[in-house]
Amino acid sequence: MTSTDALQKAFADLPDQITRTEIAAAAGLTETGVQNWFDAYPDFPPVVGKGGRFHLRDRDLVLAWLLGHPELLDSHRRGPKDLTERARSARPSNPVDEFLTVKETAQALGVSREAVQYYIASSAPGTTSDPFPPAIRQGRASLRSWPAVRSWVLRRADPLPGGNVSWEQLRPWLLAVHEQEKDEPDQGHDDKGLTYAQRDVLERARVATANGYQVPAEWTAEALGLDTLPVDEPDAAPKRLALTDLARELETSSGSLRGYVRRYPPGVRDPFPAADARGTRNVEDVRAWLRRSGPLAP
């Protein structure tokens with residue numbers, strides 16, 4: 001990263017309206033690093049025009065913004081890291097059922113919640129053929145599939161090739177992440193039991209189909225080493241509820257459930273199902289416990 005003085009001198013040599021490439025060169029960053037600024041900071045100076053196929057921003061506003069964020073100019077602290085690298089290595093701190101809130105998604109990616117909200121708003125359904133993964137409701141929480149979000153982030157750095165793409169060109173793109181990750185020993189899994197690498201192929205096939213390409217199901221299953229593909233249905237997190245709602249769902253009292261929590265803590269032979277970081281429990285896990293060890297036990 002360049003110093004403040006060097007930054008000002010570099011910007012003085014730029015035209016009034018500048019591209020991402022010019023910002024990166026003046027700031028001593030990669031273009032990916034500058035793009036991360038665009039994504040992570042909603043107040044970054046907006047696009048004011050186009051020069052050919054490049055978006056242009058006001059030079060003086062960009063310089064003022066950078067000077068107002070001195071922490072990004074510190075050579076020992078580099079702004080948001082490459083999201084692709086973060087998405088590949090991240091294992092969410094609360095990977096319950098692989099569905100995360102906006103806050104948990106931001107923590108997994110190492111960005112602000114505002115950045116995730118920006119991705120959601122800027123890549124909404126109807127505005128792009130590859131929208132940000134949709135949310136599902138779980139009680140009061142709004143959750144998104146982490147494997148789907150991970151795949152979306154990876155595609156930001158490796159979008160579907162433009163133009164009329166042949167099958168010979170499309171196939172390597174569909175398998176790009178799978179070929180890199182399929183043999184890794186520590187792979188995450190989605191709610192259907194697929195590895196992240198396998199899930200990425202299905203996500204890419206969905207995007208390709210949305211863009212008018214045909215991706216044979218037989219080819220996809222064979223590429224993933226599956227007999228058949230999982231049913232293509234929206235992600236649906238297992239139902240989880242807080243204790244009061246859980247009691248209502250199971251037609252019992254919240255006092256009874258609290259009693260089980262106290263009397264069957266972690267460490268006993270058959271502990272009461274634990275709550276996640278949101279204070280919710282899997283309804284079916286609790287129902288099975290009540291049948292096995294609680295008042296519904298034979």
Side-chain angles (χ1 to χ4, degrees), residues 1-75 77-88 109-112 114-132 149 151-166 169-170 172-173 176-177 204 207-208 210-213:
M1 183 73 68
T2 188
S3 68
T4 298
D5 290 341
L7 184 74
Q8 291 175 311
K9 291 178 181 178
F11 267 72
D13 294 331
L14 296 177
D16 292 341
Q17 295 183 346
I18 54 179
T19 66
R20 180 182 64 181
T21 301
E22 290 169 325
I23 296 172
L29 272 182
T30 64
E31 290 191 44
T32 299
V34 174
Q35 183 64 48
N36 286 336
W37 285 347
F38 296 169
D39 295 341
Y41 297 95
D43 64 334
F44 196 92
V47 172
V48 295
K50 290 194 73 174
R53 60 188 181 90
F54 299 104
H55 290 116
L56 300 174
R57 288 175 165 80
D58 184 277
R59 176 197 62 194
D60 295 337
L61 291 180
V62 171
L63 176 59
W65 187 91
L66 290 174
L67 295 176
H69 292 75
E71 73 279 3
L72 299 183
L73 303 179
D74 185 341
S75 62
R77 295 182 59 191
R78 296 183 179 268
K81 294 181 181 177
D82 187 339
L83 287 184
T84 300
E85 179 182 335
R86 289 183 175 181
R88 283 188 183 279
L109 292 173
V111 300
S112 67
E114 290 78 11
V116 176
Q117 295 287 9
Y118 172 80
Y119 303 148
I120 295 169
S122 63
S123 298
T127 64
T128 174
S129 60
D130 191 5
F132 197 79
V149 170
S151 183
W152 183 88
V153 171
L154 297 183
R155 291 194 303 277
R156 286 181 72 249
D158 181 27
L160 178 69
N164 189 15
V165 179
S166 67
Q169 295 170 308
L170 180 62
W173 180 79
V177 172
R204 288 177 180 244
V207 173
N211 281 272
Y213 295 100

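Residues: numbered from 1 along the sequence shown.
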- Task: Apply side-chain hydrogen bond (donor to acceptor under 3.5 Å, both in side chains) to Asp58 and list each qualifying residue two or more places apart in sequence or on a separate chain.
- Result: none
- Task: Applying side-chain contact (heavy atoms from CB on, under 4.5 Å), name anything that partners Ala176, two or more places apart in sequence or on another chain.
- Result: Asp158, Arg204
- Note on the structure: residues 6-30 vs salt bridge (Lys or Arg N to Asp or Glu O under 4.0 Å), sequence neighbours excluded, gives Asp16-Arg59, Arg20-Glu31
- Could you tell me which residues satisfy salt bridge (Lys or Arg N to Asp or Glu O under 4.0 Å) with Asp60, sequence neighbours excluded, listed by chain and number? none
- Task: Would you kindly say whether Ser151 and Arg155 are connected by a side-chain donor-acceptor distance under 3.5 Å?
- Result: yes
- Note on the structure: Residues passing the side-chain contact (heavy atoms from CB on, under 4.5 Å) test with Tyr213, sequence neighbours excluded, are Leu160, Val165, Leu170, Ala208, Asn211
- Note on the structure: When every non-hydrogen atom of Ala87 is compared with those of Leu154, the smallest separation belongs to CB-CD2, 4.1 Å
- Query: Which residues pass the ring pair (Phe, Tyr, Trp, His ring centres under 6.0 Å) test with Phe44, sequence neighbours left out?
  - Reply: Phe38, Trp65
- Query: Under a 4.5 Å cut-off applied to non-hydrogen side-chain atoms, are Tyr119 and Val153 in contact?
  - Reply: no
- Note on the structure: Residue set satisfying side-chain contact (heavy atoms from CB on, under 4.5 Å) with Leu56, at least two apart, ordered chain then number -> Gln17, Thr19
- Message: Going by the rule ring pair (Phe, Tyr, Trp, His ring centres under 6.0 Å), which residues pair with Trp173 if we only count those two or more places apart in sequence or in a different chain?
- Response: none
- Would you please name every residue forming a side-chain hydrogen bond (donor to acceptor under 3.5 Å, both in side chains) with Gln169, sequence neighbours left out? Ser166
- Task: Could you tell me the separation between the CG atom of Leu109 and the OG1 atom of Thr84, rounded to the nearest 0.5 Å?
- Result: 10.0 Å
- Would you name the heavy atoms of Ala124 and Pro131 that are closest together and state the gap between them? C-CB, 3.9 Å
- For the residue pair Phe11 and Ala26, what are the closest heavy atoms and their distance? CE1-CB, 3.6 Å
- Would you please name every residue forming a side-chain hydrogen bond (donor to acceptor under 3.5 Å, both in side chains) with Asn164, sequence neighbours left out? none
